[in-house]
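What follows is a short report on a single structure.
Start at 1 and go down the list; that is how both ligands and their atoms are numbered.
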Amino acid sequence: MKSRGIYFVLFVFFVVGIALLGGVLIQQEKKQQEEKLSNQGNYLVSLIALHPIADFTGEKGNYILRTIREYISPDGLVYCLIHDRSGGLLASLGARDLITGIPKEVRIQSLYTPGLVTQTFRAGTTDLPIHEFSKPIYENGERSGTVRLGFHLPSPSILSPDRIKLLGIVAFFIFTISLAIYYAITLALQRLNSLSLSVQSSFMDPASTQVSSVKATRIDQVIKDFEQSLGLLKAKMSEIETSNMELETKAGVTAFYENQITNILDSMKLGIMILDSQDNIMNINVYMLALINGKRDDMVDRSVGEALGHREMLTYLERHEGEGKDGRAKSLETTFEDVAPGHLFQVTSSALKDGEGTVTGRMVLVDDVTNEKLAERAKQEFVAHVTHELYTPLTTIKSYNEMLMAGEVQDEETQREFFNTIMDETDRLQRLIENLLNISKIEMGSLTLNKSLVKSDWLVNDCIAAIETAARKKQITIERTLPDNFPSLFGDKDLLKVAIINLLGNAVKYTPDFGRISFGLSDDGDAAVFEVADTGYGINPEDLPRIFDKFYRSEDPRVAEQTGSGLGLGITSEIIHLHGGEIGVESESGQGTHFSVRIPKEEYQIG
Ligand code: ADP
């Protein structure tokens, strides 16, 4: 009775085991088929999308589709549709009622998404789901059409020969093991039975003491064996525990490093996205997420074609321009107007390779290059300005000189005027070259002061003399407010002259004819204060904070029509600061400008 019960239990175990195993195998096969279909679908749709749209019109289109069906098509292809730019059907393959039964939202998603799209849906009379893979065809940077492929996933056959073979082998093993367990249990029960019988009889029959002592020795042996096995089992368990702990530690370390990598990527001031070889997003940093307005959880593990909404970037990535598939590696310049209006970004993509040189994915970087572009533009403008500034006076000097040498000007008054103009233009050239030399010294940090005693009355006279002719030409009056006792300064006379002449020169340049300039000097106890005011065009409030920047010139047309390099005030403020002084400006558009400069008076020590 008992053994029948055991047989029954073993049989139930056997059947349940086989059923569970069968279920697991079917699940696994389904998963493998899905993966295989996804790879095939992606590959095939990408291959077809490489054709220009013209290939799908007329007989050629039909021929291509027939070839796909007959030679390339894997099992399960249910339709292939080629759409033109506007979504119209150019060529099709597959059952008509199935194609017309495709839900509208599936069609829209495929026709209007920029990259590769995978969708699953049910259509028509069949109950089997359809897996659609679609990809746009691009020509000359424009979407010229769309390829759509629909597949049925083959249903896993429950009784495939391979599975029956595997189940047979497993059933045999389970059966053999069950039998072995059954016999082991019966044997153990028999031994215990006979052991208990012998113990009982030894208590009842003293004559059997000798026999019972032999049996006791055997029990001892059994216990010893049992203890030994228990010891081995314990050792094995602790071994497993240790290796478990090691595994957990390793997993912890891996998670920590993954976290660290994400933190490092997040701390970068540029957008970073890592793609695997199938163009699925593996990692993306916060900068990039902010640019594309996305969330990490919505992006990671998704195909870049589905997750990225930036059209230009997507086209750039799909064409693999960054990796130079066509022989030239290119970067993309683009904008993210919604999040960073007015900024220009450079997108680069480079292949990631493993130790053996196999491409394992791509790294996409997005860098804000607005400042570089501005600096580049400023440099180009500067070269254009300087060339113009050098060229204009040189042309005047050359032509006046030629006329004088050829004796074309006889009148003495005109000759003097010509000589004066040549002199003025030479001064202008000299000032520009001085400014250029000074700015390059400032750039290199080598502008140093050559200090000596500077008598401020000489300084004032020299500066006014430098701009007097230009002012006279525009009939500008120069008013002077000078002290009775001129303060003496300890500084670099030549550089102080450059600084003040720049202020006076600007006042002449940016004041219209018949205007007024006032130039003042006062002794403020521990500092000499120079003031240059004019009745000119004034400075717009938006220009005011930037006038001391190198190369900065106002875009006001009245300023732009004057020659200039945008260097003067930059150099002036640098020179004043090197003397420990300060420069300030007050101005209002149309009301004139007032610059004031304070230079501390240092004690002059003889010797
Ligand atoms: P530049 O005169 O060669 O353009 P500066 O560095 O000397 O360069 O001056 C920078 C800018 O500051 C000028 O382009 C102009 O817009 C403004 N500016 C300077 N001085 C005056 C002034 N006295 N009146 C009006 N605008 C001025």
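- Under the 3.5 Å distance criterion, with hydrogens and angles disregarded, a donor-acceptor pair is assigned to the side chains of Glu139 and Ser144.
- Remark: ligand 1 atoms within the under-4.0 Å shell around heavy atoms of Gly568 are 5 (P), 6 (O), 7 (O).
- Taking only nitrogen or oxygen atoms, main chain and side chain alike, Phe595 does not reach within less than 3.5 Å of ligand 1.
- Closest heavy-atom approach to atom 15 (C) of ligand 1 within the set Leu504, Val559, Val532, Asn506: this belongs to Val559.
- At the shortest separation from atom 27 (C) of ligand 1 among protein heavy atoms lies Tyr510 CD1, 3.6 Å.
- Taking each of Ile547, Asp549, Val585 in turn, the one with a heavy atom nearest to atom 17 (C) of ligand 1 proves to be Ile547.
- Counting heavy atoms under 4.0 Å from ligand 1, residue Asp543 does not touch it at all.
- The shortest separation from a heavy atom of Gly566 to ligand 1 is under 4.0 Å, placing the residue in contact.
- Ring planes of Phe548 and Phe595: perpendicular class, angle over 60° (limits at 30 and 60°).
- Taking any N or O of Gly564, backbone or side chain, none lies under 3.5 Å from an N or O belonging to ligand 1.
- Taking 4.0 Å as the cut-off between side-chain N and carboxylate O, Asp524 and Arg598 count as a salt-bridged pair.
- Contact between Asp534 and ligand 1 is present, with at least one heavy atom of the residue lying under 4.0 Å from the ligand.
- In Phe548, neither the side chain nor the backbone holds a heavy atom less than 4.0 Å from any atom of ligand 1.
- Residue-ligand proximity: Lys509 is placed with a non-hydrogen atom under 4.0 Å from ligand 1.
- Near Leu569, meaning under 4.0 Å from one of its heavy atoms, ligand 1 places the atoms 5 (P), 6 (O), 7 (O), 9 (O), 12 (O), 19 (C).
- Ring geometry, His310 versus Phe336: the interplanar angle falls from 30° to 60°, so the pair is classed tilted.
- Counted by atom type alone, Thr360 and Asp354 present zero donor-acceptor pairs between their side chains at under 3.5 Å.
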Verdict with supporting geometry, Tyr552 and Asp543, side-chain hydrogen bond (donor to acceptor under 3.5 Å, both in side chains): CA-CA 9 Å; Tyr552 186 77; Asp543 292 325; 2.6 Å; yes
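- Remark: the Ser303 side chain and the Asn280 side chain contain no N/O donor-acceptor pair separated by less than 3.5 Å.
- Residue-ligand proximity: Tyr537 is placed with every non-hydrogen atom at 4.0 Å or more from ligand 1.
- Contact annotation: the side chain of Met273 approaches that of Leu317 to within less than 4.5 Å [non-hydrogen atoms, C-beta and beyond].
- Using a 3.5 Å distance cut-off with no hydrogens or angles, the side chains of Ser110 and Gln119 do pair a donor with an acceptor.
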